[in-house]
2 protein chains.
Amino acid sequence: MSQDPRDRTPELPVTSYALLGLLTFGDELTGYELKQRADNTLRFYWVAPAMSQIYTELGRLTEHGYVEPVTTQGGARRTTSYRITAAGSTALRAWIDESRVGFPTLKHTVLLRLLIGHASEPDRMRAILEDYVAELAGALRDLRDVRDSLRGADGPGEPFHYPSVVADWGLDYFAAETRHTRRALARLADVAP
Amino acid sequence: MSQDPRDRTPELPVTSYALLGLLTFGDELTGYELKQRADNTLRFYWVAPAMSQIYTELGRLTEHGYVEPVTTQGGARRTTSYRITAAGSTALRAWIDESRVGFPTLKHTVLLRLLIGHASEPDRMRAILEDYVAELAGALRDLRDVRDSLRGADGPGEPFHYPSVVADWGLDYFAAETRHTRRALARLADVAP
DNA sequence: ACAGCCATGTAACTCGTTACATGATTAC
DNA sequence: GTAATCATGTAACGAGTTACATGGCTGT
């Protein structure tokens, strides 16, 4: 087994490449800023890494020469921004082109509970589903803001084209999820109206 | 902080409750069988835990008295099945009713790459999306089989009612995901036909 | 003055994975 | 007889979390 060259363990964890990817949009970012970007976009499709992990990954990326720290002494305060290097771009490209993509993983806290709904009461299940609808509305709002912030540079060939395709996908995703939840609610209503 | 009683760390990891939940459908299962069930249904909405983890969780659940091992000596071979206890049912119910549900987590290997698509070539992105459509078709097939296997006991009040609601949700989910992928493909085609 | 944000890091810990190890039973 | 499946576990490790610790800057 393991003859497929794409089976070899990649040098870096995926989250490392995700953060590296966030540095390909032209600006140098501090760990703190990277966290904000991740919370803005990455959290919908990947994770919102803890601050501590961001610094860990930045250390790792630096060791590999994929990013370069740019330290600024602003008075008594030192901040370090990171810039992607040529080696970093190459590595990222290689990762996109050669790593095994695999199937997306869903940890659906709501569906997991619904699956064993018979272990509780229909009322509880309905409450969970209704809460979920409300949270989905929040996610939709947040993502819509992100999507709107991309306008102006979201055409084909423009810097935010791919992010805008992804954001629209995300909007469709949450809209679909809302429908699926409503549908489940309707079916539970059939049981006990 | 942490005044909300639901913020207290739950006694068990979620996967433990997930496996416990699989034992509420009436039968005693071995670790091996539990793995098969998990691969069948749980994998779509939660995870497909490794064998080794299943045994770990079963040990944990046994320690807590939430499951009872039933050892069978079948000739030279010993197998251990597990049965949920009354304490286990109570704990599961408490978990469903009181634990914080949170928002589902998506680790979308495809969208992550698409987000930074500008770091590679449109052709690569298209290939990734097309592969994904194919894999979705496979998932749909598998899930449809599962769903069909529930027929006969999937009405309101029947044992497999909740699982069937969840399975139908999953089918809708993958169908929607297929549409979203196609939509993204169409938008990439606008760039370079 | 004080809260809230900006900014960086370390330590302990847990979940979950892969690799390794072993052996019985069943189907061909 | 031998391959696949059934069955159970241990060990090493890695990714990612929470908790802890520190301190500068900004707005009111």
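Just so we're on the same page: letters track the sequence lines, and every chain starts at 1. Computed over heavy atoms, backbone and side chain alike; hydrogens, waters and symmetry mates excluded.
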In whole Å, what is the span from the [atom1] atom of [X] to the [atom2] atom of [N]?
{"X": "A:L34", "N": "C:dC6", "atom1": "CG", "atom2": "C1'", "answer": "15 Å"}
{"X": "B:L58", "N": "D:dG9", "atom1": "CG", "atom2": "P", "answer": "9 Å"}
{"X": "A:L29", "N": "C:dT8", "atom1": "CG", "atom2": "P", "answer": "11 Å"}
{"X": "A:D39", "N": "C:dC5", "atom1": "CG", "atom2": "P", "answer": "14 Å"}
{"X": "A:Y32", "N": "D:dT26", "atom1": "OH", "atom2": "P", "answer": "13 Å"}
{"X": "A:M51", "N": "C:dC5", "atom1": "CE", "atom2": "C1'", "answer": "13 Å"}
{"X": "A:R77", "N": "D:dT26", "atom1": "CZ", "atom2": "P", "answer": "7 Å"}
{"X": "A:I54", "N": "C:dT10", "atom1": "CD1", "atom2": "P", "answer": "15 Å"}

B:H118 side chain to A:E158 side chain, donor-acceptor N/O pair below 3.5 angstrom: no
Side chains of B:S99 and A:R113, donor plus acceptor under 3.5 Å: yes
Look at the side-chain N and O atoms of [X] and state whether any lies under 4.0 Å from the OP1 or OP2 oxygen of [N].
{"X": "A:R78", "N": "C:dG9", "value": "yes"}
{"X": "A:T15", "N": "D:dG16", "value": "yes"}
{"X": "A:Q36", "N": "C:dC5", "value": "no"}
{"X": "B:K107", "N": "D:dA15", "value": "no"}

Upstream residue (5' side of DNA chain D) when B:S81 and A:W46 are each assigned their closest nucleotide: B:S81
Among the candidates [options], find the nucleotide nearest to the side-chain atoms of [X].
{"X": "B:Y82", "options": "C:dT8, C:dG16, D:dG9", "result": "D:dG9"}
{"X": "B:A50", "options": "C:dA7, C:dT18, D:dA7", "result": "C:dT18"}
{"X": "A:R60", "options": "C:dA7, D:dT8, D:dA15", "result": "D:dA15"}
{"X": "B:Y55", "options": "D:dT8, C:dG16, C:dA7", "result": "D:dT8"}
{"X": "B:P49", "options": "C:dA7, D:dC6, C:dT17", "result": "C:dT17"}
{"X": "B:Q53", "options": "C:dC15, D:dT8, D:dT10", "result": "C:dC15"}

A:D97 and A:R93 ion-paired at < 4.0 Å: yes
Pairwise side-chain contact, B:K107 with A:Y45, heavy-atom cut-off 4.5 Å (strictly under): no
Sidechain-backbone polar pair: B:T41 side chain, B:A38 backbone, donor-acceptor under 3.5 Å: no
Flag, side chain of A:R78 to backbone of A:T71, donor-acceptor distance under 3.5 Å: no
Sugar-phosphate only, base, or nothing, as touched by A:T56 at under 4.0 Å among non-hydrogen atoms: nothing
Side-chain-base donor-acceptor pair under 3.5 Å for B:S52 and D:dT8: no
